[in-house]
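Since the structure comes first, as structure tokens, the remarks are kept for the end.
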Amino acid sequence: MEVLYGRLTPSEFKASLQKAPIAYLPLGTLEWHGAHLPLGSDFLQSQGFFIKLAQRVGGVVLPPLFLGPDKELEIDEFEYYGMDYFGYAPNPPRQLPGSAYWVPNYLFSAIIEAILKQLGRAGFKIVVAYGHGPSTDYFIKNGEGLGKRFDLAIFTLSRPEAERKDDMEFQGDHAAMIETSIMMALHPKLVHMENLPKDPNEWPLAVEGKDPRKYASAELGDKIINYHLERMERILNDQLAKLT
Ligand SMILES: [Zn+2]
């Protein structure tokens, strides 16, 4: 079943909207995700997941957004973003190859408001947005207010803090066990474990979480994906029932 927004004809779009007025927005980056994962890993995971979710619940998947906010540090008039300097980052800060996504918070917020306005106008009632951590955090923090403003019910895949200790949070690390496992399940040909250091004592550059060389597997990726598919299917079906 076709669920990618850009590939639908107007009549297919109308039929989809009538069945389930849900838009899925993959929040991405073009960002260093270890030497073993592709730069688009953030949206490849959320987009891949949303395609499966849309096929189960209905709704359409928007093109991924590759611009996003992140922590920022300026040294000698040069800007470093997120993994360039934060967490298990290179020390001293260093521009990681391939990262090209950063926008300041005010601009990200303006882009999201424009997207939500257009989605409401097009007839959607529910928006599910997820992916890159700081982009998702924006929705967690502002989702309720934005929902009221644009007459939309807004969701992420994020769970309450207390439930997150189980290593099952979707994209809940950076290029480590969780993200590597999800990529192995969704896009096995894009994962290159052979690019990681052979010496187990050498920590892979700018990878944050449990060691993907030791713990990542396609089986774990499938387990995480299926857990969140079932959880979101329940949540969205409840919300759809409220609409009618
Ligand atoms: Zn990521």
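Atoms considered below: every heavy atom in the structure, side chains included; atoms not considered: hydrogens, waters and symmetry mates. Every number for a ligand or one of its atoms is a count from 1 in the order of the listing.
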Using modelled atom types and a 3.5 Å cut-off, is there a donor and acceptor pairing between side-chain atoms of Q55 and backbone atoms of M1?
yes

Got a donor-acceptor contact below 3.5 angstrom from the H132 side chain to the P69 backbone?
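Checked: pair present.
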
Sorted by chain and residue number, the salt bridge (charged side-chain N to carboxylate O under 4.0 Å, His left out) partners of D137 (sequence neighbours excluded) come out as none

Quick one: list whatever passes salt bridge (charged side-chain N to carboxylate O under 4.0 Å, His left out) with E233, sequence neighbours left out.
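Salt bridge (charged side-chain N to carboxylate O under 4.0 Å, His left out) list for E233, sorted by chain: R56.
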
Contacts of type side chain to side chain contact (heavy atoms under 4.5 Å, CB included), residue E2, not counting sequence neighbours:
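Side chain to side chain contact (heavy atoms under 4.5 Å, CB included) list for E2, sorted by chain: L4, R7, L8.
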
Tell me if the aromatic rings of F124 and F13 count as close, with their centers under 6.0 Å from one another.
yes

2.8 Å shell around the Zn ion (ligand 1), exclusive bound, protein N/O/S atoms:
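There are 4 of them.
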
